[in-house]
> 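My questions will all concern the structure given below.
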Amino acid sequence: MARKKTQGEQLLEQRKSGRFSKKNSAYFDYSLLAVIILLTCFGLIMLYSTSSYTAQMSQGDDMFFFKKQAIISTGCIIFAIVISHIDYHSLERFIFPLYFLAAVLMILVRTPLGVTANGARRWLQIGPVQFQPAEVSKIAVIVLLSYLIISMGRNVKTLKGCFVLGAWGGVQALLAYVCTDNLSTAIIIFAITAGLIFVAYPDMKPFIIGFLIGAVLIIILVLYLTSMSDSGGSFRVRRIQVWLHPENFAKDDGYQTLQALYAIGSGGLFGRGLGNSIQKLGSVPEAHNDMIFSIICEELGIFGGVFVLVLFGYLLYRLFFIAQNAPDMFGALLVSGIFIHIALQVILNIAVVVNLLPNTGVTLPFISYGGTSILFLMSEMGLALSVSRKIKIEKTEVLL
């Protein structure tokens, strides 16, 4: 009596006989969209908890900041989904206009259109709209460098090609520093440029040498500033001194840093409970902006802080997945640039809050209060989702 064939043996015979059909199905990264929505909703909850006291005292409405951010965030999520339906290759015709527009907008900050807030002149007021033009520059640099790397072909693998790419990114970084006096944004733009060049350039030696030289220069600078007793009027030198010895500036420049550290320390493992922060009651200035992570740790403890990091880690993982499986190099580079930008902002913000770096004024993506930030972050997410739509998943079907 013949042995009955197993299902695996039947499939193997069908494969040998060619009775299989391979089909490409469209893909959309719903996981990325889900984590974006989750981060935004979590950010809104923490924003209300963090800003309710300040809003009540300054605006007479404890939901003032929450309502504004909720409306903007909802609109921006819809905007990102709309962008995801547009072919990202259509950006190619707007690349250079976008780049030069970003440069012009930053220059306009030095004109009467520029607006000063919290002692910094970094905003533009055009009619009823107020925004930071430096945010436009980040997207412009990501898109332009991705396009140039593709256009340069093999020339990108030469030092001359890397210099050309660095010059295009360096101009925007220089404008961000000179026109908006925003060193942190200039550093982010420069790092995005270096990151994309690193992706395109095959030789790691120049990057290793550059990193070592930069590390040595930073150490020398820190040692020099440590030995200084007078800041000489430079607020950046003073910021570094505050970073090194915040307790010596507890009554002025180091106040915010120390209060944020007190908030984190008092939170313990599981925190005081949602809404029960003490430091948000005026002790931590601008708690709903750059320092919101300290209130998260106070109310939700180390557990809450780790939860935020896990969410961002998963977001970056989805971006990495899309970049790795993008249908072409242009899409892969676009998403790689977005990956670098998000990772940098998260690292810089949290490092500042826990005093690993001097205060830079970088917001925590999707969580800190700010309409300009959420608008351009969602624009980048829309581009990443647009790239994900072009990924083709191969499915094998058995023909019966």
Side-chain angles (χ1 to χ4, degrees), residues 26-47 49 69-70 73-74 76-81 83-84 88 138-139 142 188 191-192 195-196 199 264 267 269-271 274 292-297 299-327 331-354 356 362-370 373-391 393:
Y27 176 79
F28 182 77
D29 204 317
Y30 289 101
S31 297
L32 175 60
L33 181 60
V35 74
I36 292 169
I37 295 173
L38 183 57
L39 269 170
T40 304
C41 292
F42 177 81
L44 288 172
I45 293 170
M46 292 311 306
L47 176 65
S49 175
Q69 190 77 352
S73 297
T74 303
C76 288
I77 289 174
I78 295 171
F79 181 58
I81 294 173
I83 292 177
S84 72
Y88 62 92
K138 295 173 185 177
I139 296 180
I142 291 172
I188 289 174
I192 291 171
L196 286 175
V199 171
I264 295 171
L269 187 60
F270 295 106
L274 186 62
I292 196 170
F293 185 74
S294 65
I295 307 302
I296 292 173
C297 291
E299 294 190 349
L300 304 179
I302 295 174
F303 174 81
V306 171
F307 175 72
V308 172
L309 292 177
V310 169
L311 286 180
F312 279 117
Y314 187 68
L315 173 72
L316 293 173
Y317 166 71
R318 298 316 305 173
L319 291 174
F320 177 79
F321 175 84
I322 295 171
Q324 194 176 38
N325 294 278
L333 289 169
L334 272 179
V335 181
S336 297
I338 295 169
F339 177 100
I340 295 167
H341 174 209
I342 300 296
L344 277 172
Q345 284 213 195
V346 172
I347 291 170
L348 288 176
N349 178 271
I350 295 177
V352 166
V353 172
V354 299
L356 289 177
V362 175
T363 58
L364 187 61
F366 305 104
I367 297 178
S368 294
Y369 176 75
S373 175
I374 196 72
L375 173 62
F376 289 102
L377 283 170
M378 288 298 182
S379 299
E380 292 182 8
M381 294 300 102
L383 285 177
L385 289 170
S386 175
V387 175
S388 79
R389 282 189 180 276
K390 297 296 181 181
I391 298 174
I393 303 296

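The figures that follow rest on heavy atoms only: side chains count, while hydrogens, waters and symmetry mates do not.
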> Give me the one residue out of Ile83, Leu32, Val335 that meets side-chain contact (heavy atoms from CB on, under 4.5 Å) with Leu385.
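Only one option passes, and that is Leu32.
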> Can a donor-acceptor pair be found, under 3.5 Å and without considering hydrogens, that links the side chain of Ser386 to the backbone of Tyr88?
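Indeed, once roles are kept as given, a pair shorter than 3.5 Å links the two residues.
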> Which label fits Phe42 and Phe307: parallel for a plane angle under 30°, tilted from 30 to 60°, or perpendicular past 60°?
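Perpendicular.
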> State whether the side chain of Ser73 and the backbone N or O of Ala70 hold a donor-acceptor pair below 3.5 Å, judged by distance alone.
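Answer holds: no.
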> Do the side chain of Thr40 and the main chain of Ile36 share a donor and acceptor less than 3.5 angstrom apart?
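It does hold such a pair.
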> Please confirm whether the backbone N or O of Ser31 pairs with a side-chain atom of Arg318, one donor and one acceptor, at under 3.5 Å?
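Not at all, since once roles are kept as given, no pair shorter than 3.5 Å links the two residues.
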> Any side-chain to backbone donor/acceptor pair from Ser379 onto Leu375? Under 3.5 Å, distance only.
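Between the backbone of Leu375 and the side chain of Ser379 there is a qualifying donor-acceptor contact (under 3.5 Å).
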> Tell me whether the rings of Phe28 and Tyr30 are parallel (<30°), tilted (30 to 60°) or perpendicular (>60°).
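Taking Tyr30 first and then Phe28, their aromatic rings stand perpendicular (interplane angle over 60°).
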> Is there a donor-acceptor pair closer than 3.5 Å between any side-chain N or O of Ser49 and the backbone N or O of Met46?
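A pair under 3.5 Å: no.
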> Answer yes or no: is there a donor N or O on one side and an acceptor on the other, between the side chain of Gln345 and the main chain of Thr363, under 3.5 Å?
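Yes, Gln345 side chain to Thr363 backbone: donor-acceptor pair under 3.5 Å.
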> Does the side chain of Met381 come within less than 4.5 Å of Ile342's, by heavy atoms?
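Yes, side chains in contact.
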> How long is the straight-line distance from OG of Ser368 back to CG of Leu377, given to the nearest 0.5 Å?
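Reported value, rounded in 0.5 Å steps: 10.0 Å.
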